Novice: 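The structure that follows is given in the form of structure tokens.
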Amino acid sequence: MSETLPSWWPEKPPIYNIERSYLENLEEGPFFDGKIPERTLPPKNEWVDFLGFLVAHPLGVPAGPLLNSRWVAFAAKMGFDIVTYKTIRSKPHPAHPLPNMIYVDTLGSLTYDRHEETLKQAEHPPKDARSLAATNSFGIPSKDRTFLVKDIARANEALAPGQVMIVSIVGTPRPNEDFYEDFVRAAEIALEGGAKIIEADLSCPNVTTCEGSLFTSPEAVYEISSRVKKAIGPVPLIIKVGVIEDKEVLRRVMCAAAKGGVQAICGINTVSMKVVKGDGTPALGEKRLKSGVCGGPIREVALDFIQKAHAVNQEEQLGMTIMGTGGVTAPEHFDQFFNAGATVAMSAVGMMWDPYLAARYFQC
Ligand SMILES: Cc1cc2nc3c(=O)[nH]c(=O)nc-3n(C[C@H](O)[C@H](O)[C@H](O)COP(=O)(O)O)c2cc1C
């Protein structure tokens, strides 16, 4: 890519319109009127092996921002070679009402000691995408099986050589149903759509039930991953985790995951924190006191996760692939992740506010 890339934020709005509903974004987005950047691929002998698939560059978009096949196709065209189809459930599920995303003032990096603090909603968005901090609360909405099977297939078809898509799945706790088995039901939908790689989301901080803390329990991690792995056979399985400060807990979780057949670990999910308006009332309403904070201020914790996961992987000889996400909002952040031990570096909120992020990295 030798062209001059256009600037984006703040002259242009994010490609996801936070003033509009999740469904409107799904049906009408991504909101992008720019130019698709030119792409010069590296020679094939430099492509990277990612879980058995050769990818041109291991830059990716994690679960969440790519709402359907149109969003997946868009991210792939913008140079993200590992794209994740948003987390799906076994049955349709509505999104939380607006607001689903708001800006927050984090007053610096959200280090571990700050996760119990209450953050304030920001009155104005930052001018620089690097200092972008937002909180999101969607509730993992999902479409029905018929839609998903067709749309996952369509998304796969939209990819170019050197690109691969992951499908993220989650189980839903329902009365009188086996919660862990529901991960398998969701994985079956992904498989029917032709998923090449499956990621089990064990970490969503925005759900009001026990789903959110599964990733810290080695027993739950083993039980879910072994059941899903049995159902998906040779299809590679990733687990998505949230913040794990204690390296020994991470060690137990990664060992349990490896025993359950997991080939890669992706972290971190958003950091769950209380967010209030200027007057002290809950920014997302009384029913959603906590929500997931993403963007630049969580990068330090994401880097710490990558370093620890990389070390555990080597110490225990697990042979897992480490995938980093959290706070990549500028091109140089991808290399920070690679240098910390990640094989794959991903950006969610960063690419929503600057869709040229991967292209800018390639130009560096
Ligand atoms: C709009 C949005 C929706 C998200 N939805 C999901 C989701 O459904 N499943 C999941 O595993 N992570 C979800 N995430 C979390 C991201 O995958 C990622 O872990 C987190 O945002 C940290 O990365 P970032 O700082 O680059 O945004 C979502 C993030 C955003 C911004």
Side-chain angles (χ1 to χ4, degrees), residues 14-18 20-22 25-26 29-30 59-68 71 75 80 82-89 93 95-96 98-104 106 109-110 129-143 166-172 183 186 198-207 211-212 214-215 238-243 265-273 291-303 305-306 323-330 333-334 336-337 342 344-354 357-358:
I15 57 170
Y16 184 102
N17 186 336
I18 62 174
R20 297 178 69 180
S21 74
Y22 172 81
N25 275 281
L26 183 142
L59 301 193
V61 181
L66 309 181
L67 277 46
N68 60 17
W71 285 80
F80 291 94
I82 300 175
V83 283
T84 312
Y85 193 99
K86 82 161 293 307
T87 309
I88 63 165
R89 295 182 186 261
H93 198 86
H96 288 325
L98 286 171
N100 296 124
M101 272 189 107
I102 54 174
Y103 297 103
V104 288
T106 65
S109 177
L110 289 172
R130 275 162 219 261
S131 42
L132 179 68
T135 183
N136 75 71
S137 172
F138 288 88
I140 318 187
S142 188
K143 300 287 261 185
I166 300 160
V167 179
S168 169
I169 57 136
V170 76
T172 307
F183 279 83
I198 289 180
E199 177 175 286
D201 178 10
L202 305 182
S203 57
C204 183
N206 298 322
V207 282
E211 293 152 276
L214 292 171
F215 66 94
I238 305 166
I239 56 165
K240 173 82 175 279
V241 299
V243 176
I265 184 164
C266 178
I268 56 173
N269 208 313
T270 52
V271 176
S272 181
M273 292 184 71
S291 51
V293 179
C294 46
I298 71 167
R299 195 170 57 260
E300 209 175 315
V301 171
L303 281 166
F305 162 78
I306 295 166
M323 302 165 63
T325 177
V328 172
T329 52
H333 298 160
F334 289 111
Q336 292 178 4
F337 277 26
V344 176
M346 306 177 113
S347 174
V349 80
M351 75 78 65
M352 294 162 81
W353 265 256
D354 181 7
L357 198 53

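Both ligands and their constituent atoms are indexed starting at 1 by order of listing. Keep in mind that what you see is a predicted model, and the values were worked out from it rather than measured.
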Novice: Side-chain contact, heavy-atom cut-off 4.5 Å: Cys266 with Met346?
Specialist: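 SC-SC contact between Cys266 and Met346 confirmed.
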Novice: Could you tell me whether Asp201 approaches ligand 1 through its side chain, its backbone, both or neither, with non-hydrogen atoms closer than 4.0 Å?
Specialist: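 The part of Asp201 near ligand 1 is the side chain, not the backbone.
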Novice: If I take atom NZ from residue Lys143 and atom CG from residue Asn68, how far apart are they, to the nearest 0.5 angstrom?
Specialist: 8.5 Å
Novice: Closest by any non-hydrogen atom to atom 20 (C) of ligand 1: pick that one out of Thr270, Leu132, Asn136.
Specialist: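 Checking each option, the heavy atom nearest atom 20 (C) of ligand 1 is found in Thr270.
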Novice: Look only at the side chain of Ser203 and the backbone of Phe215, and say whether a donor-acceptor pair between them is shorter than 3.5 Å.
Specialist: no
Novice: Would you check the N or O atoms of Gly327, main chain and side chain alike, for any that come under 3.5 Å of an N or O of ligand 1?
Specialist: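 Right, the criterion is met.
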Novice: Output the distance between atom OG1 (Thr84) and atom CD1 (Ile238), rounded to the nearest 0.5 Å.
Specialist: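 Thr84 atom OG1 to Ile238 atom CD1 measures 7.0 Å (nearest 0.5 Å).
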Novice: Hey, does Ser203 come in under 3.5 Å of ligand 1, counting only N/O atoms on both sides?
Specialist: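 Ser203 vs ligand 1: no N/O contact under 3.5 Å.
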Novice: If we only count N/O pairs under 3.5 Å, is Ser168 in contact with ligand 1?
Specialist: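 So ligand 1 has no N or O lying under 3.5 Å from an N or O of Ser168.
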Novice: Does the N or O separation between Thr87 and ligand 1 drop below 3.5 Å for any pair?
Specialist: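 Yes: some nitrogen or oxygen of Thr87 is under 3.5 Å from one in ligand 1.
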Novice: Are any of the heavy atoms in Thr84 under 4.0 Å away from ligand 1?
Specialist: no
Novice: Using a 4.0 Å heavy-atom cut-off, say whether Met352 meets ligand 1 through its side chain, its backbone, both or neither.
Specialist: side chain
Novice: Could you name the option among Gly326, Gly64, Ala134 that has the heavy atom nearest to atom 4 (C) of ligand 1?
Specialist: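 Residue with the shortest heavy-atom distance to the ligand atom: Gly64.
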Novice: Would you compute the distance between atom CG of Leu132 and atom SG of Cys294 and round it to the nearest 0.5 angstrom?
Specialist: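 Rounded to the nearest 0.5 Å, the CG-SG separation comes to 7.5 Å.
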Novice: Which part of Asn269 is near ligand 1, with near meaning a heavy atom under 4.0 Å away: side chain, backbone, both or neither?
Specialist: both
Novice: Consider side-chain hydrogen bond (donor to acceptor under 3.5 Å, both in side chains). Of Asn136, Thr135, Thr270, which one does Ser291 pass it with?
Specialist: Thr135
Novice: Give the atom numbers and elements of ligand 1 that come within less than 4.0 Å of a heavy atom of Gly295.
Specialist: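 Taking each heavy atom of Gly295 in turn, ligand 1 has 25 (O) under 4.0 Å.
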Novice: Counting heavy atoms only, name the option from Gly324, Ala63, Gly296 that's nearest to atom 6 (C) of ligand 1.
Specialist: Ala63
Novice: Are the side chains of Phe337 and Leu303 in contact, using a 4.5 Å heavy-atom criterion?
Specialist: yes
Novice: Considering only heavy atoms of Phe138, which atoms of ligand 1 have at least one such atom less than 4.0 Å away?
Specialist: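 Counting from 1, the qualifying ligand atoms are 1 (C).
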Novice: With atoms numbered from 1 as shown, which atoms in ligand 1 lie under 4.0 angstrom from a non-hydrogen atom of Val349?
Specialist: 24 (P), 26 (O), 27 (O)
Novice: To the nearest 0.5 Å, what is the distance between CD1 (Ile140) and OG1 (Thr172)?
Specialist: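 Ile140 CD1 to Thr172 OG1: 7.5 Å, rounded to 0.5 Å.
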Novice: Out of Met351, Lys240, Met346, Arg89, who gets a non-hydrogen atom closest to atom 11 (O) of ligand 1?
Specialist: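 Among Met351, Lys240, Met346, Arg89, the closest heavy atom to atom 11 (O) of ligand 1 comes from Lys240.
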Novice: Partners of Ala133 by side chain to side chain contact (heavy atoms under 4.5 Å, CB included), sequence neighbours excluded?
Specialist: Val104, Thr106, Pro297
Novice: Does ligand 1 have a heavy atom under 4.0 Å from the side chain of Asn100, from its backbone, from both, or from neither?
Specialist: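 Neither part.
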Novice: For Phe138 and Tyr16, what are the C-alpha separation, side-chain angles and deciding distance, and is it a ring pair (Phe, Tyr, Trp, His ring centres under 6.0 Å)?
Specialist: CA-CA 13 Å; Phe138 288 88; Tyr16 184 102; 5.7 Å; yes
Novice: Using side-chain hydrogen bond (donor to acceptor under 3.5 Å, both in side chains) as the criterion, list what pairs up with Tyr103, not counting sequence neighbours.
Specialist: Trp353
Novice: Below the 3.5 angstrom mark, is there an N/O of Ile268, backbone or side chain, next to an N/O of ligand 1?
Specialist: yes
